[in-house]
Amino acid sequence: MSKNLNLFKEILNSENLPSHNDLFSAAEKVSSLLENEVCNYRPAASGGMPGSLLDFRASALPFIVIPDLHARPHFLFDILSYKLPAGFCDSAALTVIDALEKGLVNLIFLGDALHTERTTKQRWAEIQMEFDRGNCTGPKIQLEMTEGLNLLLALMQLKIIFPEHFHYLKGNHENITNRTGKGDFSFVKYADEGRMGCEFIREYYGDDVLYMIHCVEEALPLIAVNSNCIVSHAEPRECFSKEQLINAREDSFVIEGLTWTDNDEAAAGSADYIINQFAQDNLSAENYVYLGGHRPVPAKYLERQDGKFVQIHNPLMQNIAIVRTDRKFNPEIDIVEV
């Protein structure tokens with residue numbers, strides 16, 4: 001097992017909450033990386049800061065796309081350990097972590113690191129009871145946050161170790177302060193998850209950790225593209241232009257439209273419109289697919305917009321999409337369970 005995989009095994013299998021120093025230090029480093037990530041694949045927004053678009057069309061590297069993780073640390077470890085098909089990025093059948101170490105793939109996470117949603121409805125009810133008794137750092141919320149924050153720490157370490165090949169997109173759960181505004185909305189599903197997570201971090205770690213995680217979230221990109229694939233957390237709500245996508249962090253309408261879109265809310269043809277912003281010609285446009293997470297699907301995937309947009313998030317499965325650049329994406333064989 002490689003040194004890096006051992007590091008992630010230690011983080012992701014931990015039964016203890018991350019330390020204050022580990023969380024603060026990682027968030028500080030990642031915030032700095034993201035705030036200075038104006039480069040050949042991340043064009044600057046109009047104000048000079050890194051834009052919200054990652055553009056890998058000049059690269060021949062394939063995408064590995066990770067849907068919503070929602071405090072599933074073992075899912076991330078299984079992804080890093082997964083053996084890719086021979087010929088996907090190398091003649092050998094490399095693991096994902098091997099491919100990252102060799103710089104042969106771009107690993108794209110679609111966002112939503114925190115807040116379990118698989119089989120933890122009862123735990124959230126018990127957390128709510130803890131909070132109702134005035135205890136915002138009780139044993140049930142500690143179980144929840146141990147899973148979520150160890151996962152978040154591992155994601156930040158991936159960005160630190162592989163800054164050019166691991167990319168973390170903003171989802172609607174990347175809202176650690178539980179604000180409503182600037183494209184974000186406070187989150188409530190089984191309980192008052194957004195508020196309770198925020199209050200736990202403030203009480204257990206302090207405002208400094210809360211602030212640094214918020215800084216990371218503020219600097220995250222929102223959408224990524226290569227020669228035959230586009231990805232964002234949610235289905236694009238509107239027909240956004242390339243300029244809108246680059247400048248999205250300054251436009252709450254675009255942020256909301258790439259992170260909060262519910263099923264049947266998207267404008268007709270929005271995925272195809274965005275694809276045509278980046279396709280070089282009609283033939284390449286036909287070979288593109290737009291992948292997203294956000295809304296759970298009942299099986300392996302769900303096609304929308306005449307198959308141009310494919311949802312890949314099933315909270316009861318451990319699916320990822322492996323997107324080759326030498327042929328059109330086929331969800332039947334290119335969505336794999338790790």
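The first residue of the sequence shown is numbered 1, and numbering continues consecutively from there. Below, all heavy atoms of this structure are taken into account, side chains as well, without hydrogens, waters or symmetry copies.
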### Message
Walk me through whether Asp251 and Gln244 qualify under side-chain hydrogen bond (donor to acceptor under 3.5 Å, both in side chains).
### Response
CA-CA 8 Å; Asp251 189 337; Gln244 284 179 296; 4.7 Å; no
Check this for me, if you would: do [X] and [Y] make a salt bridge, where the nitrogen-to-carboxylate-oxygen distance has to be below 4.0 angstrom?
X	Y	answer
Arg123	Glu147	yes
Arg249	Glu218	no
Glu126	Lys140	yes
Glu37	Lys159	yes
Lys308	Asp306	no
Glu217	Lys170	no
Lys83	Asp98	no
Asp262	Arg295	yes

### Ile213 with Phe185, same ILVMFWY side-chain cluster at under 4.5 Å
no
### Query
Are Phe75 and Leu143 joined in one hydrophobic group, where the rule is that I, L, V, M, F, W and Y side chains link up if heavy atoms are under 4.5 Å apart?
no
Look at the aromatic rings of [X] and [Y] and report parallel, tilted or perpendicular, splitting at 30° and 60°.
X	Y	answer
His20	Phe24	parallel
Tyr205	Phe200	perpendicular
His294	Trp260	perpendicular
Phe240	Phe253	perpendicular

Is a side-chain N or O of [X] found less than 3.5 angstrom from the main chain of [Y], in a donor-acceptor match?
X	Y	value
Asp334	Asn330	yes
Glu286	Ser284	no
Ser81	Phe77	yes
Glu144	Trp124	no
Ser186	Arg179	no
Asn276	Asp272	yes
Asn150	Leu12	no
Glu174	Gly171	yes
Asn135	Phe131	no
Asn106	Phe166	no

Tell me the closest heavy-atom pair linking [X] and [Y], and the distance in Å.
X	Y	result
Thr325	Ala60	OG1-O, 3.2 Å
Leu153	Pro18	CD2-CB, 4.0 Å
Tyr168	Pro221	O-CD, 3.3 Å

Non-hydrogen side-chain atoms of [X] and [Y] separated by less than 4.5 Å:
X	Y	result
Leu80	Thr95	no
Leu69	Asp112	no
Asp68	Phe109	no
Asn228	Arg324	no
Cys89	Leu84	yes
Ile275	Ile230	yes
Leu222	Leu245	no

Would the number of heavy atoms belonging to other residues, nucleotides or ligands and lying under 6.0 Å from [atom1] of [X] be above 12?
X	atom1	value
Lys300	NZ	yes
Glu203	CD	no
Glu303	CD	yes

### Query
Hey, mind stepping through Asp132 and Gln128 against side-chain hydrogen bond (donor to acceptor under 3.5 Å, both in side chains) and telling me if it holds?
CA-CA 6 Å; Asp132 290 344; Gln128 184 69 67; 3.2 Å; yes
### side chain to side chain contact (heavy atoms under 4.5 Å, CB included) between Gln311 and Asn263, worked out
CA-CA 10 Å; Gln311 295 170 318; Asn263 290 339; 2.9 Å; yes
#### Entry: Evaluation steps, side chain to side chain contact (heavy atoms under 4.5 Å, CB included), between Asn319 and Val336
CA-CA 5 Å; Asn319 288 339; Val336 297; over 6 Å; no
Roughly how far apart are [X] [atom1] and [Y] [atom2], rounded to 0.5 Å?
X	Y	atom1	atom2	result
Lys242	Ile274	NZ	CD1	13.0 Å
Arg72	Thr116	CZ	OG1	10.5 Å
Leu114	Leu149	CG	CG	6.0 Å

### Query
Glu235 and Gln305: side chain to side chain contact (heavy atoms under 4.5 Å, CB included), yes or no, with the steps?
CA-CA 10 Å; Glu235 185 176 4; Gln305 301 199 31; 2.7 Å; yes
#### Entry: Shared-cluster residues of Leu110, by chain and number - hydrophobic side chains joined below 4.5 Å
Tyr41, Leu54, Phe56, Phe63, Val65, Ile108, Leu169, Val231, Val289, Leu291, Tyr301, Val310, Ile312, Val323, Phe329, Ile335
### Query
Does the side-chain hydrogen bond (donor to acceptor under 3.5 Å, both in side chains) test come out yes or no for Asn13 and His74, once each step is laid out?
CA-CA 7 Å; Asn13 288 340; His74 299 296; 3.2 Å; yes
Can a side-chain donor-acceptor contact be found between [Y] and [X] if the only test is distance below 3.5 angstrom?
X	Y	answer
Tyr290	Ser232	yes
Asn247	Glu243	no
His115	His70	no

### Query
Among Thr261, Thr259, Asn172, which one satisfies side chain to side chain donor-acceptor pair (under 3.5 Å) with His233?
Asn172
### Message
side-chain hydrogen bond (donor to acceptor under 3.5 Å, both in side chains) for Tyr204 and Gln142? Distances and angles first, verdict last.
### Response
CA-CA 10 Å; Tyr204 190 89; Gln142 287 205 29; 4.8 Å; no
### Message
side chain to side chain contact (heavy atoms under 4.5 Å, CB included) for Val105 and Leu61? Distances and angles first, verdict last.
### Response
CA-CA 5 Å; Val105 296; Leu61 298 185; 5.8 Å; no
